[in-house]
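Below you'll find the structure, written out as structure tokens, and then a few comments.
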Amino acid sequence: MSTRIAFLKGHGTENDFVIVPDPENALDLSPAAVAALCDRRAGIGGDGVLHVVRSAAHPEAREMAAEAEWFMDYRNGDGSVAEMCGNGVRVFARYLQHAGHVAEGDLTIATRAGVRTVHIAKNGDVTVGMGRARLPEGDVTVTVGERSWPARNVNMGNPHAVAFVADLAHAGDLYSAPPVSPATAYPDGVNVEFVVDRGPRHVAMRVHERGSGETRSCGTGACAVAVATARRDGTDPAVTGTPATYTVDVPGGRLVITERPDGEIEMTGPAVIVAEGEIDADWLAHAVG
């Protein structure tokens, strides 16, 4: 490991990330190292780490290398591995553009949830093809304090429980994960979204992301919320043959989610690089040790 490691800081609707370029997968980013980098007081601070690796250089992505040159090795703020992060994909794409690896237009990015198609628009917005939602059967309940709500189980490559509430304050402080039952519905943990209506096809949400706590935004969560809201509204594009578009307000901004009749979901929103610098490898080794 060199004495200094390049990093950047970016965010998508204030879901923020430490970006670590490592094309040849030479860095050993242990869970402890990731947690140290994401520490908001003793580290750089972030909801997670975007480890930027060429697909061909990573054992989990080699099979996708023919479709996507770059692999988003995403880690949650506590160091745990995550399958997918929608806001992260947008920021990852912005980094690739910032570094000169790609230009405006279309590209593909490999993730643990599969290859994602991305479009970088001239106005700065980034649209990500988020794949199809799966809607597992079975009743799910979310509880905060004395209140409980039925929730919709939606899988966007990672698991979500979407609860419609009267007031977003009812979600509580979201410091710890809200209890979800039955536990067997989510053996690997779950992201929990609390949703209120703002107008026709317009909702607002708060989210507790597993491994990160409450975040300012969650891209896969916004997609899960749009799908759950559409089904609650009696809308299924596969049945109607018409795309369904929902505006989803998150604490950090606004995302626009479209579900197409073929089931594919697209998410559009901003992605910003705010800083770049170097990590002191000695500090990181000490922080991990």
Side-chain angles (χ1 to χ4, degrees), residues 1-40 42-58 60-61 68-104 107-113 116 118 120 124-128 209 211-212 215-220 252-253 267 269-281 283-284 287-288:
M1 184 181 288
S2 62
T3 57
R4 294 196 176 271
I5 303 163
F7 82 94
L8 299 90
K9 181 73 184 287
H11 77 90
T13 49
E14 297 182 13
N15 195 186
D16 62 333
F17 309 96
V18 180
I19 305 161
V20 181
D22 182 22
E24 302 310 316
N25 198 28
L27 297 175
D28 178 18
L29 280 181
S30 67
V34 170
L37 291 172
C38 291
D39 190 304
R40 295 192 181 278
I44 296 166
D47 292 321
V49 165
L50 300 174
H51 184 208
V52 184
V53 184
R54 290 188 190 277
S55 298
H58 199 289
E60 293 184 71
E69 180 180 4
W70 296 96
F71 173 56
M72 184 181 78
D73 175 18
Y74 181 66
R75 320 290 185 86
N76 293 314
D78 66 353
S80 59
V81 171
E83 302 92 339
M84 176 61 181
C85 175
N87 288 317
V89 173
R90 295 203 320 278
V91 175
F92 192 97
R94 174 69 73 234
Y95 162 74
L96 293 178
Q97 181 188 35
H98 175 86
H101 297 306
V102 302
E104 287 176 0
L107 67 145
T108 53
I109 294 172
T111 76
R112 288 186 176 86
R116 294 293 182 252
V118 178
I120 302 175
D125 280 349
V126 180
T127 297
V128 179
E209 289 196 62
S212 297
T215 58
R216 300 284 293 168
S217 180
C218 175
T220 57
M267 174 183 64
V272 182
I273 301 294
V274 299
E276 54 186 310
E278 294 180 325
I279 301 162
D280 187 315
W283 164 81
L284 188 60
V288 171

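Positions are given from 1 along the sequence.
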Can you name the nearest heavy-atom pair linking Cys85 to Asn15, along with the distance?
SG-OD1, 4.2 Å
Side chain of Lys9, backbone of Gly46: donor and acceptor closer than 3.5 Å?
no
Ser80 and Gly211 have their tightest heavy-atom pair at OG-CA, 4.4 Å
With the side chain counted from C-beta on, respond yes when Val52 and Leu96 share a heavy-atom pair under 4.5 Å apart, and no when they do not.
yes
Go through the structure and list residues passing salt bridge (Lys or Arg N to Asp or Glu O under 4.0 Å) with Glu60, not counting sequence neighbours.
Arg112
Salt bridge (charged side-chain N to carboxylate O under 4.0 Å, His left out) contacts in which one or both residues fall within residues 76-95, not counting sequence neighbours
Glu83-Arg210
Residues at least two apart in sequence or cross-chain that pass side-chain hydrogen bond (donor to acceptor under 3.5 Å, both in side chains) with Thr127, listed by chain then number, are Thr268
Listed partners of Arg116 passing salt bridge (Lys or Arg N to Asp or Glu O under 4.0 Å), at least two apart
none
Nearest-0.5 Å distance, CG of residue Leu37 to CD1 of residue Ile279
4.5 Å
Considering residues at least two apart in sequence or located in another chain, which fulfil the side chain to side chain contact (heavy atoms under 4.5 Å, CB included) criterion with Ala36?
Trp283, Leu284, Ala287
Rounded to the nearest 0.5 Å, the CE atom of Met267 sits from the CG atom of Asp125 at a distance of 11.0 Å
Distance col, row Ile273:CD1 vs His98:NE2, nearest 0.5 angstrom, shows 6.0 Å
Roughly how far, to the nearest 0.5 Å, is the CG atom of Asp16 from the CG atom of Leu50?
10.0 Å
Output all residues satisfying ring pair (Phe, Tyr, Trp, His ring centres under 6.0 Å) with Phe71, sequence neighbours left out; order by chain, then residue number.
His58
side-chain hydrogen bond (donor to acceptor under 3.5 Å, both in side chains) filter on Asp22, not counting sequence neighbours, yields His51
Does Glu14 have any salt bridge (Lys or Arg N to Asp or Glu O under 4.0 Å) partners at least two apart in sequence or in another chain, and if so, which?
Arg216
What pairs with Phe17 under ring pair (Phe, Tyr, Trp, His ring centres under 6.0 Å), at least two apart in sequence or on another chain?
Tyr74
Any side-chain heavy atom of Tyr95 within less than 4.5 Å of one from Pro21?
yes
Quick one: list whatever passes side-chain hydrogen bond (donor to acceptor under 3.5 Å, both in side chains) with Ser217, sequence neighbours left out.
Thr13, Asn87
Val49 to Cys38 - nearest heavy-atom pair and separation:
CG2-SG, 3.7 Å
Specify the closest pair of heavy atoms between Asn76 and Val34, including all atoms of both residues, with the distance to one decimal.
O-CG1, 3.4 Å
Keeping to residues at least two apart or across chains, list the salt bridge (charged side-chain N to carboxylate O under 4.0 Å, His left out) pairs with something in residues 44-55.
Glu24-Arg54, Arg40-Asp47, Arg54-Glu69
With sequence neighbours left out, the residues meeting side-chain hydrogen bond (donor to acceptor under 3.5 Å, both in side chains) with His101 are none
Rounded at 0.5 Å granularity, tell me how far CE in Met84 sits from OG1 in Thr220.
7.0 Å
Minimum-distance pair of heavy atoms, taken over all atoms of Ala93 and Val126:
CB-CG1, 4.3 Å
So how far is it from Ile120 CD1 to Leu107 CG, rounded to the nearest 0.5 Å?
5.0 Å
Which atom pair, heavy atoms only, marks the closest approach of Val128 to Gly86?
CG2-O, 4.5 Å
Given side chains that start at C-beta, do those of Pro23 and Val53 come closer than 4.5 Å, heavy atoms only?
no
